[in-house]
Amino acid sequence: MVVYSLYILNKAAGLIYQRDFNEGLRKLSSNDYLVLSGTFHAVHAIASRISPVPSSSGIEVLETETFRLQCFQTLTGTKFLLISEPRQQGSDAILRRIYELYADYVIKNPFYQIEMPVRCDLFDRHLGAYIKSL
Amino acid sequence: MTIYSFWIFDRHCECIYHKDFKRPMRQLRPTSALSSTDPKQRNTSGGPPKGSGPLTVDDESKLVFGVVFSLRNMVKKLSGDQESFFSFKTTKYKLHFFETQTNLRFVMVTDTRVDGVRPILEQIYAGLYVEYVVKNPLSPPEHPGGEGVNNELFTLGLDRFLRPLSIFE
């Protein structure tokens, strides 16, 4: 199971967390990551608008030749994007587990300011351990 | 399984062919709410307010192109210039994408259970588009407004090709 990277976007399309776990994708500058998350946020919203049937969600899975991007949007509008190798199954469950970690170690951290970039040591450690255990 | 719609965009970012198959919601009025530049006019012309109501074909083609273009650029940035994406999926539909070397873009919107549409799009390009549009001596090299692509042979061929497929039900 190869997970390339994880992005967490707040509800205003700001990138609040970005971490690479494995090599495989290009390294980008931090500015490019911000542009990328902004683009995805917009495309996610438009994708639900162009749906041929009513009440569609935004993009959930994006499949390409080199990776598979899974998006999980929480009820509060935070988006978790997981980039893994193509034909990877079960990314959805991984994202839900990461959301639990986020709730436990970021949201419940009294020093964390909501909607701001995540700098929580415990979250980093638990996330790293969880991804390694996959 | 269902095919909802099919689109072709040329390298000038213009929609040169569009066909709806089984669309539950579609406004038939051909006027566009997005294209009128004057915001006052947009409101008085009776166009649907942003974010509600079904889209017109014109508006939808712009949004579909915007989505595939942005995603394609995003994927190129992440994984190299040669890469492109196959498809994306939401809870209600799946959009398949194929881009040729000449920047023609083929888009097919289906329901979520459909898989492996890439070869079908390639066949539409190689077997139908090249055969009936590119090789047509009367067809212009560029197709502003869909001129040349919207010919009978191509439309018939597309219909005949898609209807027997298992994804078309």
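Keep in mind that this is a model prediction, so the values were computed, not measured. Only this structure's heavy atoms are used, side chains among them; waters, hydrogens and symmetry mates stay out. Chain naming here is simple, since letters A, B, ... match the order of the sequence lines and numbering starts at 1 in each.
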Max heavy-atom pair count under 4.5 Å with chain A, selected residue of Leu78(B), Val64(B), Val67(B):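 Top count of heavy-atom pairs under 4.5 Å with chain A: Leu78(B).
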
Looking at [options], which makes the most heavy-atom pairs under 4.5 Å with chain B?
{"options": "Gly58(A), Ala42(A), Pro86(A), Cys71(A)", "answer": "Gly58(A)"}
{"options": "Thr39(A), Leu28(A), Ile59(A)", "answer": "Ile59(A)"}
{"options": "Ile83(A), Val35(A), Ile50(A), Leu69(A)", "answer": "Ile50(A)"}

Part of Val109(B) within contact of chain A (heavy atom distance under 4.5 Å):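 For Val109(B), side-chain heavy atoms alone lie under 4.5 Å from chain A.
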
Flag the pair Arg11(B) and Glu142(B) as a salt bridge only when some basic side-chain nitrogen lies within less than 4.0 angstrom of an acidic carboxylate oxygen.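 Salt bridge flag = yes for Glu142(B) with Arg11(B).
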
Can we say Asp20(A) and Lys27(A) salt-bridge, meaning some charged N sits less than 4.0 Å from an Asp/Glu carboxylate O?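 Yes, this pair counts.
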
State, to 0.1 Å, how close Thr112(B) and Tyr93(B) come at their nearest heavy-atom pair, and which atoms those are.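 For Thr112(B) and Tyr93(B), the tightest heavy-atom pair comes out as CG2-N, 3.6 Å.
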
Phe154(B) ring center within less than 6.0 Å of Tyr17(B) ring center: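 Yes, the ring of Tyr17(B) comes within the 6.0 Å limit of the ring of Phe154(B), centre to centre.
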
Phe80(A) pairs by ring pair (Phe, Tyr, Trp, His ring centres under 6.0 Å) with which of Tyr17(A), Tyr7(A), Tyr99(A), Phe40(A)?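 Answer after filtering Tyr17(A), Tyr7(A), Tyr99(A), Phe40(A): Tyr99(A).
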
